[in-house]
Amino acid sequence: MSDPLFLGLDLSTQGLKAVLVDADGVLTHESSVNFDRDLPTYGTTNGATKGPAPGEVTSPVRMWLDAYDLIMERMRDAGVDFSRILGISGDGQQHGSVYWSKDAERLLSSLDASRALAEQLAPDAFSLPRAPIWQDSSTTHECRELEEAIGGPQVLADLTGSRAYERFTGNQISRIRKAYPDAYWATARVSLVSSFMPSLFLGEIAPVDVSDASGMNLMNVLTCKWDDRLLEACGGPELRSKIGPEPAPGGEFLGKIHPYWVQRWGFSPDCGIAPFTGDNQATVIALSVPGDAILSLGTSTTLLLSIPPAETAPKCFTTSHLLSHPTTPDAYIAMLCYKNGALAREQVRDAYADHDWTRFNELVEQRPVGNDGYMGLYFPLPEIIPPNVQGTFCFTTSPSVQPIPEGSMPAAAHARAILESQFLSIRSRITAILPPDAAPLQRLVLSGGSSANQTIRQAAADVFGMRVFVAGKEGAAEGGAQLARFAWWREENGGMGSFEEMRAMDGEGARMKCVAEPDAARERVYAGLVEPYRAAEDAVVRMCAEKTA
Ligand code: XUL
């Protein structure tokens, strides 16, 4: 076939994106669906619904099915020739879980091309109509139980790459088993968002990929196999069968597309479906820069470091995550993840900058570096780092770090304050997550919505003291398309070749652009603010602990 195309789908918190790349890896098409705007009947806010129980955050699974149909319509209307697509992969927001009913396999395998996905699969293919997502923080109790059962947070981190986190799927399953026992009993299989997505294309439930499986507290991160003790602790003896086969590596197709897609949309029956991965891992894939730091400024803020294979496996910490790499055996991704990213910045923009980014940027630029001794920490949602703090906290930093009421901080100081505190939090932790023998970081690659904002780019360059680069704006979705292309490329090469070899043939220059240089004097101010930031953060942790005690 001439001119093959590869489809990458990105199911994030707030929407679904589709991109196509050609055989040379060049992006040729983009479409998107925004859940709140395009599917308003589900009544989500930023793609999710809070409650009913405290800390619960879910998304309706049926909304995701509707989004699949809508994005196909949009691609067709834009003139996409589906028959040229030879591979599909993609990514989903990490940790979210879908609970399939005992009828799911039958319904998936017998999809009728004359009808939309949602009307055939929802509600009957699911034992829970709502999928818990990564913003959920209802499982603190289950986290402590799991750590205790396994021998403490460090033992769990050494085994799975992370201590127990509320959003990690094992802890979510553990709570669903107790809070909704009937639904758990009626569940035949549990998928991650990233394995739910290819299941729809395959017409059968797909395995979880090795990299996204690292976000569950259920897999041994070194062997990439499920761990029986963890399965048993989170979901009882029945979880082994509910979780499905061992996690799948990237670079190999799982199977061919189901006839539903051939008949309904005109896909080629030869189109292969590769494992999908998590959104953060797909961002690493898209930017593919071992040794660089990637800062993804999406709904969540994540710092990602790609760690190449080495003699000894990297150390696991209780303050960050270690994920298996989606394409390279024995390589890893180290990650920090903050829940209060873009939505917290938007909240400050709305409260203090007239709902306007231009005004927000003006305010940031008017204020001096270091914000004249004001610091502000903003956690509208219960945070991950540091755990479970919530609220807005303002401080003066000189002569010493002292809390002040939010109203005592000049209104014009908040815009700069949120950028400085979000970045100082990462800077204060960066050395701890670098492998001890790693070369110093040279470049900071920004992705996600806020990476388009020049004021935010410059603040990142100054706080981190690194040159800032940006790549194409479809970070994660493009990574998904590259995963599909990788599986096809390896098949063409008789099953040989690494992802890096495939990417080495693509021109990096065109993809990566330097957009901000650090200023040495400003960087020195920030170096001096790391300790005050730590003191402020410690005070926030103490204040929140006192409130809940
Ligand atoms: C990572 C995390 C978020 C989600 C949504 O651990 O929870 O970054 O992947 O983007």
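In each ligand, atom 1 is the first atom listed, and ligand 1 is the first ligand listed.
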Do any heavy atoms of Gln135 fall under 4.0 Å from ligand 1?
no
Specify the protein heavy atom at minimum distance from atom 2 (C) of ligand 1: its residue, its atom name, and the distance to 0.1 Å.
Cys337 SG, 3.3 Å
If we ignore angles and hydrogens, is there a donor and acceptor under 3.5 Å between the side chains of Gln458 and Gln454?
no
Tell me: protein heavy atom nearest atom 7 (O) of ligand 1, and distance?
Arg167 NE, 2.8 Å
Please work out, at 4.0 Å between heavy atoms, whether the side chain, the backbone, both, or neither of Asn280 comes within that distance of ligand 1.
side chain
Relative to Tyr165, does Arg163 satisfy both conditions: NZ or CZ under 6.0 angstrom from the six-membered ring centre, and within 45 degrees of the ring's axis?
yes
Of Arg167, Gln172, Lys50, which is the lone residue that meets side-chain contact (heavy atoms from CB on, under 4.5 Å) with Asp136?
Gln172
Asp279 side chain to Asp91 backbone, donor-acceptor under 3.5 Å
no
Using a strict 4.0 Å cut-off to heavy atoms of Met335, name the atoms of ligand 1 that fall inside it.
1 (C), 6 (O)
Please say which of Thr58, Ile133, Val193, Thr169 ends up in a side-chain contact (heavy atoms from CB on, under 4.5 Å) with Ser97.
Thr169
Would you say His321 has any N or O atom under 3.5 Å from an N or O of ligand 1, going by distance alone?
no
Counting heavy atoms under 4.0 Å, the part of His95 that contacts ligand 1 is side chain
I need the atoms of ligand 1 closer than 4.0 Å to a non-hydrogen atom of Thr302, numbered in the order shown.
8 (O)
Run through Leu483, Val210, Leu254 and flag the one making a side-chain contact (heavy atoms from CB on, under 4.5 Å) with Pro275.
Leu254
Hey, does the side chain of Tyr338 reach the backbone of Leu303 with a donor-acceptor pair shorter than 3.5 angstrom?
no
Relative to the heavy atoms of Gln94, which atoms of ligand 1 are at a distance of less than 4.0 Å?
1 (C), 4 (C), 6 (O), 9 (O)
Glu383 side chain vs Gln390 backbone, donor-acceptor pair below 3.5 Å
no
Classify the contact between Lys339 and ligand 1 as side chain, backbone, both or neither, using a heavy-atom distance cut-off of under 4.0 Å.
neither
closest protein heavy atom to atom 3 (C) of ligand 1 is Ser300 OG, 3.5 Å
Would you check whether Asp279 has a nitrogen or oxygen atom less than 3.5 angstrom from a nitrogen or oxygen atom of ligand 1?
yes
